[in-house]
Amino acid sequence: MPPPVSLAAERLVDITDFVQAASEQAWDRADSLWPAVSAVDDDRVRLAAAELHMQRERWDEAAETWSRLRLIDDQARLKLTLCRNLAALKVHRPQVYRAVVDADAGDAYR
């Protein structure tokens with residue numbers, strides 16, 4: 001078993017890589033790193049994870065992650081509400097949900 005210092009260093013590298021992957025929008029890389037950092041209690045990780053979950057259309061997970069931020073600003077509150085609404089649409093109005101998520105950016109509000 002590696003010494004505790006080695007494990008802490010590995011975890012820090014994982015956290016840094018995960019946050020960087022999300023900031024670069026390297027979603028496949030971020031997704032592969034997510035299991036290694038999912039238990040980390042850090043707002044940088046939560047922000048990156050919330051964005052990752054949104055990109056992957058995991059609305060319940062995204063909403064839960066946004067809601068766990070210690071310092072939540074107006075933009076994060078907006079994203080939290082959006083995720084909750086999309087999660088509800090996906091379950092209760094799947095046709096409307098598909099129309100919304102499949103719409104081109106210019107058609108999103110028609």
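- Between the OG atom in Ser67 and the CG atom in Leu69 there is a gap of 8.0 Å [rounded to 0.5 Å].
- In plain terms, the two heavy atoms of Ala50 and Ala62 that are nearest each other are O-CB, 3.9 Å.
- Linking ILVMFWY side-chain heavy atoms closer than 4.5 Å, directly or via other members, places Val96 and Trp59 in a single hydrophobic cluster.
- Between Phe18 and Ala48 the shortest heavy-atom distance is CE2-CB, 3.5 Å.
- Every residue meeting the side-chain contact (heavy atoms from CB on, under 4.5 Å) condition with Asp42, not counting sequence neighbours, appears here in chain and number order: Val40, Arg44, Val45.
- Partners of Arg58 by side-chain contact (heavy atoms from CB on, under 4.5 Å), not counting sequence neighbours, listed by chain and number: Asp31, Leu52, His53, Arg56, Glu61.
- Atom CG of Asp28 and atom CG of Leu33 lie 11.0 Å apart (nearest 0.5 Å).
- When atom types are taken as modelled, the side chain of Asp43 and the backbone of Arg70 share a donor-acceptor pair closer than 3.5 angstrom.
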Q.
Apply side chain to side chain contact (heavy atoms under 4.5 Å, CB included) to residues Asp74 and Leu78 and explain how you reach the verdict.
A. CA-CA 6 Å; Asp74 289 339; Leu78 178 71; over 6 Å; no
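- In Arg77, the CZ atom is crowded: over 12 heavy atoms of neighbouring residues, nucleotides or ligands sit closer than 6.0 Å.
- Of all heavy-atom pairs between Glu57 and Lys90, the closest is O-NZ, 3.5 Å.
- Listed by chain and number, the residues in a side-chain contact (heavy atoms from CB on, under 4.5 Å) with Gln25 are Trp27 (sequence neighbours excluded).
- Annotation: Glu24, atom CD; neighbour count of heavy atoms from other residues, nucleotides and ligands within 6.0 Å is above 12.
- Listed here is the closest heavy atom pair of Ser32 and Pro35: O-CD, 3.5 Å.
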Q.
Run the side chain to side chain contact (heavy atoms under 4.5 Å, CB included) test on Leu80 and Arg84 for me, step by step, so that the C-alpha distance in whole Å, both residues' side-chain angles and the decisive distance to 0.1 Å come before the verdict.
A. CA-CA 6 Å; Leu80 169 60; Arg84 286 176 174 163; 3.5 Å; yes
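- Distance check: Lys79 NZ to Leu86 CG gives 13.0 Å after rounding to the nearest 0.5 Å.
- Placement of Trp66 and Val101 within a single hydrophobic cluster is found when ILVMFWY residues are connected by side-chain heavy-atom separations under 4.5 Å, directly or transitively.
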